[in-house]
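Single-structure report; data block below.
Throughout, protein chains are lettered first and strands after them, A, B, ... in sequence-line order, and every chain is numbered starting at 1.
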2 protein chains.
Amino acid sequence: MIKSPTQTFDASAELLGKALGTNDVAGVSRVLAPLDLTETLEQLERLSTIDRALAYRTLPKDRAMEVFERLDAALQADLVSGLQEADVAEVFAQLSPDDRVALLDELPASVANRLISGLNEKDRALTSTVLGYPQRAVGRYMSPEFVNTHPHLSVGETFARVRRELDDAESVYTIPVTDAGRHLVGVVSLRDVLRADESELIADIMKTPLSVPAVQDAEEAARYCADAKVLVLPIVDAEDRLVGILTVDDALRILEDAESEDAARSGGTEPLRRPYLATPVGSLVRARVVWLLVLAVGATLTVQVIGAFEATLEQQVVLSLFIPLLIGTGGNTGNQAATTITRALALGDVRPNDVFKVLAREVRVGAFLGLLLGALGFTIASLAFTVPIGLVIGLTLLGVCTMAASIGGLMPLLGKAVRADPAVFSNPFISTFVDATGLVIYFLIATSILGL
Amino acid sequence: MIKSPTQTFDASAELLGKALGTNDVAGVSRVLAPLDLTETLEQLERLSTIDRALAYRTLPKDRAMEVFERLDAALQADLVSGLQEADVAEVFAQLSPDDRVALLDELPASVANRLISGLNEKDRALTSTVLGYPQRAVGRYMSPEFVNTHPHLSVGETFARVRRELDDAESVYTIPVTDAGRHLVGVVSLRDVLRADESELIADIMKTPLSVPAVQDAEEAARYCADAKVLVLPIVDAEDRLVGILTVDDALRILEDAESEDAARSGGTEPLRRPYLATPVGSLVRARVVWLLVLAVGATLTVQVIGAFEATLEQQVVLSLFIPLLIGTGGNTGNQAATTITRALALGDVRPNDVFKVLAREVRVGAFLGLLLGALGFTIASLAFTVPIGLVIGLTLLGVCTMAASIGGLMPLLGKAVRADPAVFSNPFISTFVDATGLVIYFLIATSILGL
């Protein structure tokens, strides 16, 4: 992606498309052969399911394995149906336990069961450990293969353990320390082990461990790993026994997926789970239609509010001119507040208990913004129309901004309190409630000032 | 954050607030003393600038240093003005070069220069290296302190080098390999070094290196580091000479900041750069007011469009009832498309050259959504009002959805093409253009069907 300039990437993409279009297997292989792993992945992620399976089968065996390991689980599952059963079993056995579980979640139960039963005993046991945790728990993403040490072992003995486990352990750079009952009692970095004298005891150089329970929400655990700046976060069970490790690259993957989800939800769509160009148009429609319908149904409330003031509008059609501007400004103000609070919640900067602090701030921010916009609106509308109209617009902007910022700031907190996704929860409320309330404010101010 | 239940956190926060309110220094110290580093940071990040400086000064020296290192640069800069000059110089000298540069960017030039001149020669040189790169380049975030090796050295010699540099190097787990001219020629992991025989040559075990140029955009480099799943990404100059390393925790910090920026911009606010509760109300207003004004000024276009059709509205006031619903649906459809494409661009799933692919997909998605919503709108409006009104609503929804999805999908690409932030670029266009165009579509369909 970075080493190859865009032109080369686009040229390869075009050649690949042509070769696939004419079922030219040799041509596909020729395009993919000179690409490195990342480039190969990026090309494959742009193809339709069928083209991707075709291109994948042209890869040399080693590269195919690397590519498979790095694809998202949804794309892996797409590939599985196009491969020979024996090939699938082989690829499956080589995945790490957490990746294996992610793939299993995407497959039909019958295929999943067949794959699990094809594993050797050790791999089956490791896989079941990970499979045993609930869907969004960090236990699902952890690696049950790690190297650990004990307080009474020496640095030299620990180093020997590390050397023995070099091939199997997911990471050897942070080594959890456990007691005889497998309880996590400390952590040593490989750096500290290298620095210390061979005869020193681990008990003397180990540090207080950070850890999270395996049932903890994966996104929270990943954010914790990132904030604590650790390469490896030990995962423990309810009795504080070490059950696995979360590595920083798994944390990154979890956070990236979470960000994609937040971004999608804040824009009112379901997350796609596949790269955009690899998503069929039907899936794009499905990802968007529910939200669009919910919001449209919510918007019928505005039809009713305006309907209730139809007589007012008949007397002063000019009032309808400002409807989009006023409710648009309300929506924007509400969105600003909701976006800010949603992000602050995700980062842990704001907690559900801070509701009154947030409200106090957002009322002030909204009123301030409303004063500025209201003064401007009053001036412009007074000049372009009449002073009473200007007064209506100015006061409405003040009221709408204050109301919208408050509602926009509160909704994510309320969403979090009822354990809903703050972004999802906020969206329809702001669109519906703020629009309808804004219209009521507008027409009430208009009728009283214009004496209608 | 995870080990301590929320109640304890909130209780500490309350006690801290009370102690600060009464200037009870001993009380502040008592609240902070039992907290671990992460908890201390989270408490400090919720305070106002003055309270934070007061609380910070009660920390024991070692903890104070750890806390300072982990604070965002903006908060570090806030603290600096409240500390003794000697303390600042000491803290500054202990920061890593990249963190030092991030802080310098936040300080007034006179303070920055004084701090730089107080450094020892080596630290000054390292700092200047990093300072020499442009603001958003990855060179600004890299660490110029690393351990490297050479192809002709043995594994044993390399291991000895690693042991010597344990205290200084930012990471010892991935070791870049350079030739006599400092050109990056390979990379070995510490794991590979430990696995190999002492007498083996690095040339025989090293792998092809991934790397990015120091002038590369930091977000792109960080995303590359994350996608490639490497702990350390070598950074090179224009001649492919190794100049530094980007560690995965720096990459995480860059990506987290970028996500905060994207989230803020997509909600129409400037990023805050400080935790929400630590941001003064005035700064919140400033972060939002510009966008709100831009969008409000853009929305005056809708006033003009409706004004142009005022005669139509006077004949059929009922048409005004649907204005919020129709433009709201257009805005939502446009936002959905823009959000999806903005995220796909950020992840590299879509490239600026894919403009026709995106357009072809979004036209279909929009038309599909428009058909569904239009059919529904026709049915409901026909029943609630009249069939001609239903026809107007249904056809408008079809037109608006198709137009909005296309515009929403194209805008981020256009933004990227002119090197603007895709989210920032899309927002006003969708709000303004889609709203105004939607109204034109509505009134044209209405006048022709209702024969006005």
Working to the nearest 0.5 angstrom, can you tell me the gap between [X] [atom1] and [Y] [atom2]?
X: B/E14; Y: B/F9; atom1: CD; atom2: CZ; result: 12.5 Å
X: A/T247; Y: A/R253; atom1: OG1; atom2: CZ; result: 8.5 Å
X: B/S260; Y: B/R265; atom1: OG; atom2: CZ; result: 11.5 Å
X: B/Q336; Y: A/W291; atom1: CD; atom2: CH2; result: 10.0 Å
X: B/E261; Y: B/L255; atom1: CD; atom2: CG; result: 12.0 Å
X: B/D227; Y: A/L37; atom1: CG; atom2: CG; result: 10.5 Å

Part of [X] lying under 4.5 Å from any heavy atom of chain A:
X: B/L373; answer: side chain
X: B/V230; answer: neither
X: B/L41; answer: neither
X: B/L194; answer: both
X: B/I341; answer: side chain
X: B/L326; answer: neither
X: B/D435; answer: neither
X: B/F159; answer: side chain
X: B/L277; answer: both

By a 4.5 Å heavy-atom criterion (distance strictly below it), what part of [X] contacts chain B: side chain, backbone, both, or neither?
X: A/R288; value: both
X: A/D354; value: side chain
X: A/S320; value: both
X: A/L166; value: both
X: A/E45; value: side chain
X: A/L325; value: both
X: A/A251; value: neither
X: A/L397; value: neither

Do [X] and [Y] touch side chain to side chain, with heavy atoms closer than 4.5 Å?
X: B/I323; Y: A/P324; answer: yes
X: A/R46; Y: B/K357; answer: yes
X: B/F385; Y: B/L321; answer: yes
X: A/L347; Y: A/R343; answer: yes

Residue selection (most heavy-atom pairs with chain B, distance under 4.5 Å) from A/V162, A/V248, A/L190: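 Sorted descending by pairs with chain B, the first entry is A/L190.
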Contact leader toward chain B among A/D192, A/L369, A/V350, A/L376, where contacts are heavy-atom pairs under 4.5 Å: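 The residue among A/D192, A/L369, A/V350, A/L376 with the greatest pair count is A/L369.
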Could you check which of [options] has the highest count of heavy-atom pairs closer than 4.5 Å to chain A?
options: B/V172, B/L231, B/T340; value: B/T340
options: B/V289, B/L292, B/L252; value: B/L292
options: B/T329, B/L272, B/L284; value: B/L284
options: B/V365, B/N335, B/D249, B/T269; value: B/V365
options: B/E256, B/R364, B/E314, B/K229; value: B/E256
options: B/C225, B/A344, B/A337; value: B/A337

Considering only distance and modelled atom types, tabulate donor-acceptor pairs under 3.5 Å from the side chains of residues 297-307 of chain A, sequence neighbours left out.
unit_1: A/T300; atom_1: OG1; unit_2: A/V297; atom_2: O; d: 2.4
unit_1: A/T302; atom_1: OG1; unit_2: A/A299; atom_2: O; d: 2.4

Nearest atoms (heavy-atom pairs only) where A/G370 meets A/C401: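 A/G370 and A/C401 have their closest heavy atoms at CA-CB, 3.5 Å.
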Non-hydrogen atoms of B/A221 and B/V212 that approach each other most closely: CB-CG2, 3.9 Å
Face-on cation placement of A/R361 at B/Y276 ring, 6.0 Å and 45° thresholds: yes
Cation over ring face, B/R191 and B/Y173, 6.0 Å, 45°: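 No.
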